[in-house]
Amino acid sequence: MVYSFDVFDTLIARSTATPHGIFAIMGELLREHPGISGFVKDNFVELRIGAEQVARNTYCRNGIEDVTLEQIYQVLVLEHQILEEEAVFLETLERQTEIENVYGIQENISHVKKFLSDGKKVLLISDMYLDADTIRRMLVKVDDIFQTVPLYVSSEGERKNKYSGNLFKYVREREGLRYAEWKHLGDNEHSDVQIPTKLGISCELYQGPKLLEIEKIYLKNGENSPKKQLLAGCAKLARNVREGTVYALGSGVGGAMLYPYVKWLLEDAEKRGIVRLYFIARDGYILKEMAEELVKIKRLSFTIRYVYGSRKAWRIPDGENLEREIMDTYVRSFQSRIGGVADLADFLQIPEEELRKYMPDGLCDGKKRWKVSNVDSILRYLLRLPEFTALLREVYSQKKRLLVAYLQQEVDTSDENFAFVDLAGSGYTQECLAKVMKQFYSGRVKNYFYRRDCAQGAECEYFVFYPMFVPYYTLLEMMCRAPHEQTTGYMEGEDGTVNPVFAKVDGEAIVRHGVKEFIRGAVEFAKIYDKALTRYPTLDNGLDHIGKYFEYMFYTPDGELLDYLGDIPNMLTGREKQTMSFAPKLTDQEIRKIYWYREWEAAECYYKGSDLNYSVQRCTEKQKRKIDWYVKYHDSWYGRACRKIYRAICHETPGKMVCAHDYMANTIAIYGAGKVGRRFYRQITGKEKVQGVRYHSQVVLWLDQNYEECQKEGLPVSDPKDALRGKYEQLIIAVAKKEVADSIREMLVQLGVDRHKILWMKELV
């Protein structure tokens with residue numbers, strides 16, 4: 001049995017997206033050549049493609065079925081675009097560029113090696129204008145095994161090609177073969193399968209990696225750009241190494257988006273004299289993997305380390321102003337996802353049972369959904385309780401002690417030549433970390449970011465790669481998932497070392513999703529692309545493609561990309577107790593509840609993902625039209641009627657909102673007997689319902705400056721000077737205006753009332 005192989009895109013591939021990419025690179029190289037005319041330099045790709053077409057029309061006659069490279073450039077000479085000596089130069093440059101950009105397809109090369117080791121006859125057959133000597137040099141560059149394998153090329157000998165079948169006939173005559181004992185492998189369905197099959201040759205079609213949809217869109221109307229050709233080509237080339245959809249997305253999307261950042265930060269760090277880089281979990285994992293490969297390839301003098309951290313583990317108040325620090329952290333911690341006591345306990349990082357000890361009973365009702373304004377008020381209420389703040393200080397002190405020990409263990413701060421590497425965010429976590437590090441490091445903490453939400457920050461220095469606002473940057477984070485759990489804190493080991501504590505929520509799901517394959521694809525791209533840029537540093541694509549890739553991923557993603565990003569496990573807040581997808585597909589029922597039956601409730605009550613907009617991208621066209629209709633008519637009389645009927649039939653209610661009365665302790669005092677105060681008194685004593693509920697708090701005192709007038713009306717109102725007379729847990733100021741409430745608060749404090757017991761009613765709603 002004889003085995004033959006096609007050459008291009010079967011045994012060897014180029015580092016460009018298409019064969020024309022070689023001409024695009026040549027055009028870029030010609031810019032440095034003084035002899036070639038400006039017209040030829042500016043239009044080289046079109047001229048080279050056109051010259052080949054004219055050459056075939058000119059020389060493929062009388063049984064000649066292919067042209068040579070010399071004939072192609074001779075056309076440009078005859079048409080007075082270039083001189084004879086320039087044609088020789090361009091022929092040499094094209095051969096050299098082809099050789100420089102060749103890579104082996106190992107999957108098929110291994111077949112060649114096996115057949116040769118088994119003593120089988122192997123032939124190489126190629127339709128190509130390049131001469132056999134050049135093709136041989138390309139083959140030998142990727143593997144010495146090709147030094148002596150017979151090679152037949154359509155541009156030599158009788159100049160027959162595979163397309164007509166005549167090259168196979170020529171090989172049969174030269175080699176004395178029988179078609180029935182011949183097997184052929186190639187990538188062209190017509191030339192490598194249909195035609196030789198008709199001759200009786202046993203054929204197999206090799207289907208190598210194709211361009212991804214995102215790469216096709218990027219190359220559209222830009223195939224002559226050497227930068228675009230190299231970027232997409234190297235991504236495609238990386239897919240020769242390994243198969244699989246997720247791996248392909250890693251090379252074509254993850255690698256293309258992340259490599260420029262890693263390359264830039266290594267170059268920038270080297271210029272700044274930074275020698276130790278600490279990549280922060282979890283977004284930093286894939287960046288660290290890339291950086292390690294590039295440091296090895298370029299032989300750079302960096303120490304690369306991976307440190308376990310997270311918002312939850314590093315945003316620890318240092319205690320100088322506990323209320324302000326906790327509120328600062330709160331506004332940056334997905335407030336809409338704090339819907340009850342358990343969520344708030346997670347945010348504060350204390351046990352739920354401990355938090356309940358300090359919460360008014362009305363706020364512990366699991367049937368009532370908290371709004372953002374409620375959470376803000378609840379926090380302010382709790383942070384006025386000395387016993388509660390003492391508990392927090394104790395908890396945070398222990399957490400900070402372990403964090404400091406971990407950082408001192410992992411981060412070398414002997415000089416200022418180090419930096420942390422992160423992906424995206426506001427920098428707030430780094431600011432918190434820098435404050436903690438002041439215990440053992442006096443310098444400014446340096447941080448690398450792909451992008452930041454804002455340019456503020458007092459404690460750190462920030463070096464930002466992509467200083468542009470991108471509203472859908474969360475897709476970047478989805479590409480940077482790590483194959484391990486989120487860090488929630490630290491604990492001391494038996495050997496005295498400090499180790500990270502993990503959430504144990506989504507780690508296994510992330511691995512099952514294929515994140516490791518995505519990372520492998522991205523790293524392989526980085527290796528191949530970096531090698532190409534070493535040859536052609538002026539072809540670095542820089543930031544050119546990033547905005548276009550972002551837009552494609554968010555607005556017009558293909559199905560494979562949508563499924564990978566949409567279904568990837570994601571902990572949005574770091575407080576989740578179970579695995580959830582970033583943007584799960586919506587069912588028709590979920591769409592109805594979110595867009596039609598929902599009233600005041602947050603969408604999170606019905607949506608179990610992180611990004612509703614991206615979930616909508618995954619909807620069918622029919623579902624999208626239905627969403628548009630729901631949104632349009634939601635507040636119409638018809639929409640209101642439908643919701644009323646739905647709730648009656650299904651016995652569902654939208655839930656009740658937390659109100660001011662839910663903050664009440666069992667024993668309270670009220671200040672204010674005006675319109676607001678009197679209504680509040682009726683409600684809190686059960687004389688008037690609130691959202692269908694009667695409250696029954698014990699009013700120990702009711703105070704007002706006009707107490708005498710109130711007493712004449714038969715109201716049990718006392719002189720404010722009696723504020724210390726009764727035993728109560730809270731004193732509620734029931735007035736409408738804040739400035740009035742503030743003056744009353746100060747007056748009560750002067751009388752000796754504990755400031756922490758005083759609450760203004762409007763602070764509670």
Side-chain angles (χ1 to χ4, degrees), residues 317 319-327 330 341 344-345 348 350 354-364 373-397 658-674 676-677 680-681 683-685 695-707 710 716-765:
E320 293 179 4
N321 188 327
L322 191 64
E323 180 175 350
R324 178 179 56 79
E325 291 175 51
I326 289 177
M327 295 307 296
Y330 158 71
V341 181
L344 184 58
L348 293 170
I350 59 175
E354 284 294 318
L355 177 59
R356 285 183 178 273
K357 295 177 183 178
Y358 300 93
M359 297 283 289
D361 292 340
L363 295 177
C364 295
S373 59
N374 299 140
V375 182
D376 182 87
S377 298
I378 292 165
L379 269 176
R380 295 188 187 281
Y381 163 75
L382 290 170
L383 293 172
R384 292 193 183 107
L385 304 178
E387 303 88 350
F388 184 73
T389 56
L391 169 66
L392 292 182
R393 289 182 190 279
E394 182 180 349
V395 170
Y396 296 153
S397 175
V658 167
C659 67
H661 305 78
D662 294 317
Y663 293 80
M664 300 298 101
N666 290 325
T667 55
I668 66 170
I670 301 173
Y671 188 102
V676 173
F680 182 67
Y681 179 81
Q683 291 175 342
I684 206 64
T685 55
Y695 292 84
H696 299 284
S697 293
Q698 180 184 357
V699 180
V700 176
L701 281 175
W702 189 3
L703 309 171
D704 194 278
Q705 291 283 7
N706 297 319
Y707 67 96
C710 294
V717 180
S718 302
D719 188 336
K721 295 178 181 178
D722 295 335
L724 298 179
R725 184 162 54 92
K727 291 185 178 181
Y728 49 84
E729 298 169 76
Q730 295 172 338
L731 192 157
I732 310 300
I733 301 174
V735 298
K737 295 182 179 180
K738 183 179 185 301
E739 56 270 22
V740 176
D742 288 341
S743 64
I744 292 171
R745 187 196 306 271
E746 293 308 314
M747 181 265 290
L748 292 170
V749 170
Q750 291 294 324
L751 290 173
V753 179
D754 186 345
R755 182 184 293 273
H756 297 98
K757 287 185 176 183
I758 304 172
L759 293 173
W760 176 42
M761 187 175 172
K762 283 294 182 72
E763 291 178 322
L764 308 181
V765 294

*Asks:* Which heavy-atom pair separates V700 from K727 by the least distance, and what is that distance?
*Replies:*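 Distance-wise, the nearest heavy atoms are CG2-O, 3.5 Å.
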*Asks:* Side chain to side chain contact (heavy atoms under 4.5 Å, CB included) for V753 and Y728? Distances and angles first, verdict last.
*Replies:* CA-CA 11 Å; V753 179; Y728 49 84; 4.0 Å; yes
*Asks:* Can you list everything that forms a ring pair (Phe, Tyr, Trp, His ring centres under 6.0 Å) with F388? Sequence neighbours excluded, please.
*Replies:*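 F388 satisfies ring pair (Phe, Tyr, Trp, His ring centres under 6.0 Å) with Y358 once adjacent residues are dropped.
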*Asks:* Applying salt bridge (Lys or Arg N to Asp or Glu O under 4.0 Å), name anything that partners E746, two or more places apart in sequence or on another chain.
*Replies:*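 By the salt bridge (Lys or Arg N to Asp or Glu O under 4.0 Å) rule, E746 matches R755.
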*Asks:* Please name all residues satisfying salt bridge (Lys or Arg N to Asp or Glu O under 4.0 Å) with E729, sequence neighbours left out, ordered by chain then number.
*Replies:*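 Result, salt bridge (Lys or Arg N to Asp or Glu O under 4.0 Å) vs E729: none returned.
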*Asks:* How close do L701 and A723 get, counting heavy atoms only, and between which atoms?
*Replies:*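 Here L701 and A723 meet closest at CD1-O, 3.8 Å.
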*Asks:* Looking only at heavy atoms, which two atoms of Q705 and P720 are closest? And how far apart?
*Replies:*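 That closest heavy-atom pairing would be N-CG, 3.9 Å.
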*Asks:* Does the distance from a Lys or Arg side-chain N to an Asp or Glu carboxylate O, for R380 and E323, drop under 4.0 Å?
*Replies:*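 Yes, charged N to carboxylate O under 4.0 Å.
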*Asks:* Closest approach of P317 and I326, non-hydrogen atoms and distance?
*Replies:*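 Heavy atoms only, the tightest pair is CG-CG1, 3.9 Å.
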*Asks:* Not counting sequence neighbours, which residues clear side chain to side chain contact (heavy atoms under 4.5 Å, CB included) with E394? List them please.
*Replies:*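 By the side chain to side chain contact (heavy atoms under 4.5 Å, CB included) rule, E394 matches no residue at all.
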*Asks:* Residues in side-chain hydrogen bond (donor to acceptor under 3.5 Å, both in side chains) with D722, at least two apart?
*Replies:*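 Result, side-chain hydrogen bond (donor to acceptor under 3.5 Å, both in side chains) vs D722: none returned.
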*Asks:* Between CG of L759 and CG of L731, what distance do you get to the nearest 0.5 Å?
*Replies:*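 It is 9.0 Å, given to the nearest 0.5 Å.
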*Asks:* Minimum heavy-atom separation for S718 and R725, please, with both atom names.
*Replies:*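 Where S718 meets R725 most closely, the heavy atoms are OG-NH2, 3.2 Å.
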*Asks:* Does the side chain of D704 come within less than 4.5 Å of D719's, by heavy atoms?
*Replies:*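 The answer is no, as the side chains (C-beta and beyond) never meet within the 4.5 Å cut-off.
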*Asks:* Check step by step if side chain to side chain contact (heavy atoms under 4.5 Å, CB included) holds for L322 and L392.
*Replies:* CA-CA 9 Å; L322 191 64; L392 292 182; 4.1 Å; yes
*Asks:* Measuring from T389:OG1 to L383:CG, what's the distance to the nearest 0.5 Å?
*Replies:*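 Taking OG1 in T389 and CG in L383, the distance rounds to 7.5 Å.
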*Asks:* Has E354 got a side-chain atom pairing as donor or acceptor with I350's backbone, closer than 3.5 angstrom?
*Replies:*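 Side chain of E354 to backbone of I350, a donor-acceptor pair under 3.5 Å: no, none is there.
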*Asks:* Would M359 and L382 count as a side chain to side chain contact (heavy atoms under 4.5 Å, CB included) if you check the C-alpha gap in whole Å, the side-chain angles of each, and the deciding distance to 0.1 Å?
*Replies:* CA-CA 8 Å; M359 297 283 289; L382 290 170; 3.8 Å; yes
*Asks:* Closest approach of V717 and A673, non-hydrogen atoms and distance?
*Replies:*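 Nearest heavy atoms, V717 then A673: CG2-CB, 4.1 Å.
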*Asks:* Roughly how far, to the nearest 0.5 Å, is CD1 of I758 from CD1 of I732?
*Replies:*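 Going from the CD1 atom of I732 to the CD1 atom of I758 covers 10.0 Å.
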*Asks:* Please list, chain by chain and in numerical order, all residues satisfying ring pair (Phe, Tyr, Trp, His ring centres under 6.0 Å) with Y681, sequence neighbours excluded.
*Replies:*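 Once residues adjacent in sequence are excluded, the partners of Y681 under the ring pair (Phe, Tyr, Trp, His ring centres under 6.0 Å) criterion are W702.
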*Asks:* Please walk me through it: do Y671 and R745 pass side chain to side chain contact (heavy atoms under 4.5 Å, CB included)?
*Replies:* CA-CA 10 Å; Y671 188 102; R745 187 196 306 271; over 6 Å; no
*Asks:* Atom CD of Q698 and atom OG1 of T685: how far apart are they, to the nearest 0.5 Å?
*Replies:*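 Rounded to the nearest 0.5 Å, the CD-OG1 separation comes out at 12.0 Å.
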*Asks:* Atom CD1 in I378, atom OH in Y330: separation rounded to 0.5 Å?
*Replies:*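 So the CD1 of I378 and the OH of Y330 are separated by 8.5 Å.
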*Asks:* Drop me the distance from I668's CD1 to K757's NZ, to the nearest 0.5 angstrom.
*Replies:*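 The CD1 atom of I668 sits 13.0 Å away from the NZ atom of K757.
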*Asks:* Checking the side chain of W760 only, and the main-chain atoms of V735 only, is there a donor and an acceptor separated by less than 3.5 Å?
*Replies:*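 Answer holds: yes.
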